[in-house]
Amino acid sequence: MRAHTPLLLFWTSSAALASGHGPVFGLATPTNPRGGFSIDYSLMGRYGESRGGAMSRFTLGYGITEDLKVSVSAPAIHKQEPFAPSRVAAFTPMGANFEGLALWRFHRQDLGVGSRFESTLIAGVVAPGTQAPRGGTGGIVGGVTGYASRSHYVWGGATWQRAGGIDNTFWSAVYGYRPLSWRTDYPRWDWRVFGELTGDRTVGNPFSGNTVFAGPTTLGVYKNIAVAGGVQWAVSQSGNWPGPKERFRWSVSLAYFF
């Protein structure tokens, strides 16, 4: 999908983010192009105090229009985590829930060649999976806004989720950079890096608490394949969770868009 003209170079950069891949943990504004599909596999884990957990998530996305995307995702728990309930990442429901989302980019302002300011609303439903017997059906709403160009990305946003008697407010702030030397033509990889700050507040029985995490992530694009990964470390944690505290979390993902 990499091309050899400035126009197609920008289109490919946009397509990489349109697949739903940009930040690993935080919120971003892109949607799939009209009629475009994306298939996504993510593997993530949470660790601390010599204990941890891991899960996978499969996501299918589709662009109904250039500004409206829908997606569905399903989890697979490999090792149950012993930590306090947390959203972990923008598009990762707490626990082993299924999730269906709609993302509507209701505002876009082009600021020049390859630069834009835009805002997206998010709404969806969550439902307990076979590995989430204590979960419950619920919903999620939120929004994100930011600036994207061929070299810089800045996004800020938040979501609110309620399911199984638990309320979760998630927020994120993301900065991304793509230096000129990394904007290479196919068959070479095209890379960018992000600094991601995320946090959430969970309120429910028997736990209520707050977390803040920060760390670096990266995204690489090769033709119609995107790979992303990163790690975040705990900045602060508070609450009445009786179990161990989380120290860091990681995630890697592979996407194919067409």
Side-chain angles (χ1 to χ4, degrees), residues 14-45 53-78 80-81 85-106 120-144 155 157-164 166-170 172 198 200 219 224-229 249 251-258:
S14 300
L17 292 173
S19 70
H21 278 72
V24 172
F25 300 99
L27 289 157
T29 56
T31 63
N32 282 28
R34 181 176 181 178
F37 284 92
S38 60
I39 298 175
D40 202 300
Y41 170 75
S42 298
L43 178 65
M44 61 200 73
M55 69 177 292
S56 296
R57 181 162 289 272
F58 299 87
T59 304
L60 174 65
Y62 176 71
I64 297 176
T65 70
E66 183 181 353
D67 298 315
L68 179 61
K69 172 186 176 179
V70 293
S71 68
V72 292
S73 64
I77 304 296
H78 305 302
Q80 190 68 46
E81 58 194 31
S86 176
R87 180 84 186 173
V88 180
F91 301 108
T92 304
M94 293 181 295
N97 288 325
F98 293 97
E99 182 174 72
L101 290 177
L103 293 86
W104 175 41
R105 183 170 53 194
F106 66 93
T120 296
L121 292 177
I122 303 165
V125 295
V126 295
T130 57
Q131 295 175 292
R134 293 180 299 172
T137 302
I140 177 173
V141 294
V144 56
W155 288 297
T159 62
W160 177 77
Q161 173 185 316
R162 180 172 177 82
I166 298 177
D167 292 324
N168 176 267
T169 302
F170 172 91
S172 67
T198 63
D200 67 359
L219 165 69
N224 56 343
I225 297 173
V227 296
R249 53 185 58 165
S251 179
V252 293
S253 63
L254 172 67
Y256 179 84
F257 40 96
F258 53 95

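Just so it is clear, the structure is predicted and the values come from calculations on it, not from any experiment.
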(request) Could you walk me through whether Thr137 and Val125 pass side chain to side chain contact (heavy atoms under 4.5 Å, CB included), step by step? (result) CA-CA 7 Å; Thr137 302; Val125 295; 5.8 Å; no

(request) Before giving the answer on side chain to side chain contact (heavy atoms under 4.5 Å, CB included), spell out for Trp160 and Asp167 the whole-Å C-alpha distance, their side-chain angles and the decisive distance to 0.1 Å. (result) CA-CA 7 Å; Trp160 177 77; Asp167 292 324; 3.5 Å; yes

(request) Could you go through the side chain to side chain contact (heavy atoms under 4.5 Å, CB included) check for Phe257 and Asn32 one step at a time? (result) CA-CA 9 Å; Phe257 40 96; Asn32 282 28; 5.8 Å; no

(message) Does Phe98 form a side chain to side chain contact (heavy atoms under 4.5 Å, CB included) with Val72? I'd like the steps, not just the answer.
(response) CA-CA 8 Å; Phe98 293 97; Val72 292; over 6 Å; no

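Here the side chain of Arg105 pairs no donor or acceptor atom with the backbone of Lys69 at under 3.5 angstrom. Of the possible donor and acceptor atoms, one in the side chain of Asp200 sits under 3.5 Å from a partner among the backbone N and O of Arg87. Under the 3.5 Å distance criterion, the side-chain polar atoms of Thr59 are left unmatched by any main-chain donor or acceptor of Asp40. At distances below 3.5 Å, not a single donor-acceptor pair connects side-chain atoms of Ser251 with backbone N or O atoms of Met44.
Interatomic distance, Ile64 CD1 to Trp104 CH2, rounded to the nearest 0.5 Å: 13.0 Å. Note: Gln161 CD to Glu99 CD = 6.5 Å, rounded to the nearest 0.5 Å. To the nearest 0.5 Å, atoms CZ (Arg162) and OG1 (Thr169) are separated by 11.0 Å. Annotation: the span from Asp67 atom CG to Thr29 atom OG1 amounts to 10.5 Å, rounded to 0.5 Å. Atom-to-atom distance recorded for Asn168:CG and Ser86:OG is 6.5 Å, nearest 0.5 angstrom.
Scanning all heavy atoms of the two residues, the minimum distance from Asn97 to Arg57 falls at O-NH2, 2.8 Å. Minimum interatomic distance between Leu101 and Gly124 (heavy atoms only, all atoms of both residues): CD2-CA, 4.0 Å. Summarising the geometry of Gly157 relative to Leu27, their closest heavy-atom pair is C-CD1, 3.4 Å, with the distance given to 0.1 Å. The minimum heavy-atom distance between Ser42 and Ser253, with the atom names listed, is OG-CB, 3.3 Å. Taking every heavy atom of both residues into account, Phe58 and Tyr41 meet most closely at CE2-CD1, 3.1 Å.
Residues that satisfy the ring-ring contact (aromatic ring centres under 6.0 Å, His included) test with Phe37, not counting sequence neighbours, are Tyr62, Phe258.
Residues Asn224 and Tyr256 meet the side-chain proximity criterion, which asks for heavy atoms closer than 4.5 Å. Counting heavy atoms from C-beta on, the side chains of Ser172 and Trp155 never come closer than 4.5 Å.
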